[in-house]
Protein chains: 4
Amino acid sequence: MLKGFSVPLTPQGKSALATLPPWHYSSDCIAIEYWTDPAAIAALLPPGLTPDRKSGGRAFFWFLDWQFTGSNDELTDPARYQYREAFVLVEADFDGMAVNYCPFIFVDNDAALARGWAQGFPKKLGSIYQTRSFSAPSPAAAPLAKGSRFGASVAAHGERLATARIQLEEKVANPATVFNRPTTMRRYFPQLTAGHHEKPAVDELTLSVTDDLAIVDVWTGSAELRITEVPGEDMHFIAPLRIGRGYRLGMAYSVTDLRILRTGAG
Amino acid sequence: MLKGFSVPLTPQGKSALATLPPWHYSSDCIAIEYWTDPAAIAALLPPGLTPDRKSGGRAFFWFLDWQFTGSNDELTDPARYQYREAFVLVEADFDGMAVNYCPFIFVDNDAALARGWAQGFPKKLGSIYQTRSFSAPSPAAAPLAKGSRFGASVAAHGERLATARIQLEEKVANPATVFNRPTTMRRYFPQLTAGHHEKPAVDELTLSVTDDLAIVDVWTGSAELRITEVPGEDMHFIAPLRIGRGYRLGMAYSVTDLRILRTGAG
Amino acid sequence: MLKGFSVPLTPQGKSALATLPPWHYSSDCIAIEYWTDPAAIAALLPPGLTPDRKSGGRAFFWFLDWQFTGSNDELTDPARYQYREAFVLVEADFDGMAVNYCPFIFVDNDAALARGWAQGFPKKLGSIYQTRSFSAPSPAAAPLAKGSRFGASVAAHGERLATARIQLEEKVANPATVFNRPTTMRRYFPQLTAGHHEKPAVDELTLSVTDDLAIVDVWTGSAELRITEVPGEDMHFIAPLRIGRGYRLGMAYSVTDLRILRTGAG
Amino acid sequence: MLKGFSVPLTPQGKSALATLPPWHYSSDCIAIEYWTDPAAIAALLPPGLTPDRKSGGRAFFWFLDWQFTGSNDELTDPARYQYREAFVLVEADFDGMAVNYCPFIFVDNDAALARGWAQGFPKKLGSIYQTRSFSAPSPAAAPLAKGSRFGASVAAHGERLATARIQLEEKVANPATVFNRPTTMRRYFPQLTAGHHEKPAVDELTLSVTDDLAIVDVWTGSAELRITEVPGEDMHFIAPLRIGRGYRLGMAYSVTDLRILRTGAG
């Protein structure tokens, strides 16, 4: 009788931060390949994941401008549903499968935070920006063309956490060779009852399930990335030691499911 | 080895939105007593709570400027830990005990959102403001004195959800007669795995446990309150039919525990 | 020796909100044609402008996602220079020339506010959003195609000021027939010295000068527009009585000059 | 017929960012005394001011939580009129008079920005926070008492510009010995017409005139202050070389006038 996928539940179901799936997404993305200390990655992995020895500390830092819609034309209410995101994916191994794992992620929207927590993304609030590509020609347009420069940044509580820049060189013929690992997360919900503060009510290793994945207009080029040490954040422990290629692309998918790889912290 | 009360968990434990209790709070509050349709309250109550027949639809709308600190001097990092909140408490009955229940709540800070979800407060993001009382005398000071006027408001996604005004008349000698019900919440965390979208992983009726509660400097007076209908929100279903007294007070407490009144939605 | 087009001036010139022109802009735009009370438009016109009798109260409400760059690669610092804007243009007459005049405008960025004030745009802060068109196909993508729906809104201080929706029907072959009036503004800077509060230091009727104007990818379709009455705003006096066509387009131009049509309020 | 002290002007006068004086203010303040390079101060001074040889590079960094009201009960609309501010005052000499000068200032509210520009304060937008003193006793309360610690910070565009902390030691018997210099500003409004970009329409050295100044509850103690170098800001050129005392106080005044000390840059 009370409706909503997430809180708050109401008889009408309009207040819920997250409504029932399907959830549809389309985005513009900037992604920076980099390598960090493999031991720092290993120290962040949840039970069930082990370091990917072959990846040598490889990670990707992503910035995304997202448009979301559910079943109620949410894309026409951008004040409530459009959002921006930044996250890191580190490479790991699950039972012989090469995967990504998301230890840090920031969004600027509460509906995105609620959906993300349900999936296992450890979302916090941040201010995220990326240079956009506009169609009207101008020195301000940043077209998808050789030489165009894009910047991106994420901040939280007035502290800059990461800053990136890329310069486009060429289109990527086969993006599947670059973005080819599924993403794993840790779904985690604590208990506050005295004596149980360190025994979560929910603790699951999860695998993102995406329908109708589309990756389009992928360009690559040179890249810069800084991850800064600030009070109250541990992301700098996986700051770049070496930086690889930068990418600018469009990505879309839908979500209706989540695969649970492992339950419990034991 | 990975630390944090909430996500994100890290070896160092600094990134976690919520650190392990105790959590200490002090606030300035504006609260408006009002009566709404008892049927609208009944329709919002979770399993385990029943309408309080004697209250006749009574509710309180609260606005709070909060200062938080944990065990690491968090109060000296106000950009990260100071926050504002607005919520409704409706009167209900739990097994013969007169209680409040919180169906709607808004905060402007992600750490507060994460702690709140762990307690069962269905927090969403909002922009909340209240007139403050300053010590330097001026027409702008709003002293705690007969005749002073205070305003308060909450908005989300650029839509005004509620607006209140009060005018102080007199100090309240015995605030315990006004604020005397414990608060109950619904701790709720969904599942995204296909086929389980409406079977939450966690669904508990909880009771807020507060240590060292202090209520100080309580003034009362006349009050106005509007709760507006806006797209994407159901709070207007408990809009005021009649408005009672307004209050302006200071409140502090600490949190280290949560009482589970009932588990499961059955 | 102290540098900057606007305050704050410094020896290095980096702190200035606005640097010396040229200023380059590219944008995605949603524009709604509508008609309001001609008397309400007349009441808003500054000295030097008269009502355009033939326009019958015609106005356009615009929402714009802007990318700005100056001479220092500002487009790669989107956290500082990317911004959103909403404004009204009402039709008027200057000395026999058909013009637009801008009585209300909102932006979410202080550099844009400073540049705008220098031109005569009466900018205030607001939160502005519009549905974007993404290239990765999805129900969330809003492609530039027949049937796509776009929403847009502007809010200030947590009050929704205007909300629009359009649905694309067809491409516009010749946009010059639609967007063909130059824009006039009132450049105005007051005096605070006692006795001079109503005698501005600067009061000029200005005409926007744009170089390299490009208008691209213009689509038109059906439209909805609401302008809401809220405390502290007078924009609802020019709310729509009748709504015309909606437009979605890209626009770019550069600014290096401003034409002064008339000086002084006399 | 069109009303408003600042833009936008309307027949009703409600839209104007700044209404006609009087403007009334009350605040809680944290101020940090410090010394920087006297040459860096000298380089920032506008025509008419000269370095104060006796001050040896002394400056104060202020953080203020402000409540504003005009003639329309604005203090009961805190979403629109309450704001926060951070600024630096450097010591200088005007024609033999010991003065302060304000080279950098940040606010989080557009009405405050508009009033400030009219006075000569070179306001930009920022996010400003300070620890507050609450009356309800708690480890989170920060009472005005020996040992209490307060933090404060200012950020803009997601970059932290300055961070301060103070620890209270004792009440100040005679604050007039500390805060005893009038404040000067540079009122500056540029021209955009080609050929005149560096010839401002308004360029005045001004002196703040405050009525009914009240300074109350002044405490002093030890202090920390960092001013950080970030892209797009020059404030770090007056970063502290040595830090003096910290202060926490209440301050109120009204504004109805401005004194022009000198006109033109010549």
Side-chain angles (χ1 to χ4, degrees), chain A residues 22-29 63 65-71 73-82 127-144 148-155 160 163-167 212-217 249-254, chain C residues 22-29 63 65-71 73-82 127-144 148-155 160 163-167 212-217 249-254:
Chain A
W23 302 332
H24 307 291
Y25 300 89
S26 190
S27 63
D28 285 343
C29 317
F63 299 89
D65 278 15
W66 282 112
Q67 195 151 270
F68 166 83
T69 206
S71 303
D73 226 10
E74 284 87 348
L75 84 169
T76 64
D77 188 359
R80 189 174 286 267
Y81 289 111
Q82 206 177 82
S127 295
I128 301 106
Y129 292 89
Q130 67 173 264
T131 303
R132 291 170 53 179
S133 189
F134 286 88
S135 56
S138 158
L144 293 185
S148 279
R149 283 188 285 187
F150 291 75
S153 61
V154 51
R160 180 65 64 91
T163 306
R165 278 191 175 74
I166 65 171
Q167 179 162 337
D212 301 323
L213 177 66
I215 293 182
V216 303
D217 298 340
L249 58 142
M251 180 169 60
Y253 56 74
S254 298
Chain C
W23 303 332
H24 307 291
Y25 301 90
S26 190
S27 64
D28 285 344
C29 316
F63 299 90
D65 278 13
W66 282 113
Q67 195 152 270
F68 165 82
T69 207
S71 303
D73 226 10
E74 285 87 349
L75 85 169
T76 64
D77 188 1
R80 189 174 286 266
Y81 289 110
Q82 205 176 82
S127 295
I128 302 108
Y129 291 90
Q130 68 173 264
T131 303
R132 292 169 54 179
S133 189
F134 285 89
S135 57
S138 158
L144 293 185
S148 280
R149 283 187 285 187
F150 292 74
S153 62
V154 53
R160 180 66 64 92
T163 306
R165 278 190 176 72
I166 65 171
Q167 180 163 336
D212 301 323
L213 177 67
I215 293 182
V216 302
D217 297 340
L249 59 141
M251 179 169 60
Y253 55 74
S254 297

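Here is the naming used below: chain letters follow the sequence lines, and residue numbers restart at 1 for every chain.
Between chain C and the options Q82(A), R132(A), R80(A), the largest number of non-hydrogen pairs under 4.5 Å is found for R132(A). With chain C as partner, the option from T69(A), T76(A), D77(A) having the largest number of non-hydrogen pairs under 4.5 angstrom is T76(A). Here S26(A) is the residue among S26(A), A152(A), S127(A), G151(A) with the most heavy-atom pairs under 4.5 Å with chain C. The choice from D73(C), D217(C), I166(C) that makes the most heavy-atom pairs within less than 4.5 Å of chain A is D73(C). For the set F134(C), Y81(C), Y129(C), Y25(C), the entry with the most heavy-atom pairs within less than 4.5 Å of chain A is F134(C).
Between S135(A) and D28(C), the shortest heavy-atom distance links the atoms OG-OD1, 4.4 Å. Scanning all heavy atoms of the two residues, the minimum distance from A214(C) to P137(A) falls at CB-CD, 4.0 Å. Across T131(C) and P78(A), no two heavy atoms sit closer than the pair N-CG, 3.5 Å.
The backbone N or O of A79(A) sits nowhere less than 3.5 Å from a side-chain atom of S153(C) that would complete a donor-acceptor pair. Remark: side-chain polar atoms of S138(A) are not paired, donor with acceptor, to backbone N or O of A252(C) under 3.5 angstrom.
Heavy-atom distances place both the backbone and the side chain of D65(C) under 4.5 Å from chain A.
No option in E74(C), Q67(C), H24(C) other than H24(C) meets the side chain to side chain contact (heavy atoms under 4.5 Å, CB included) test with P139(A).
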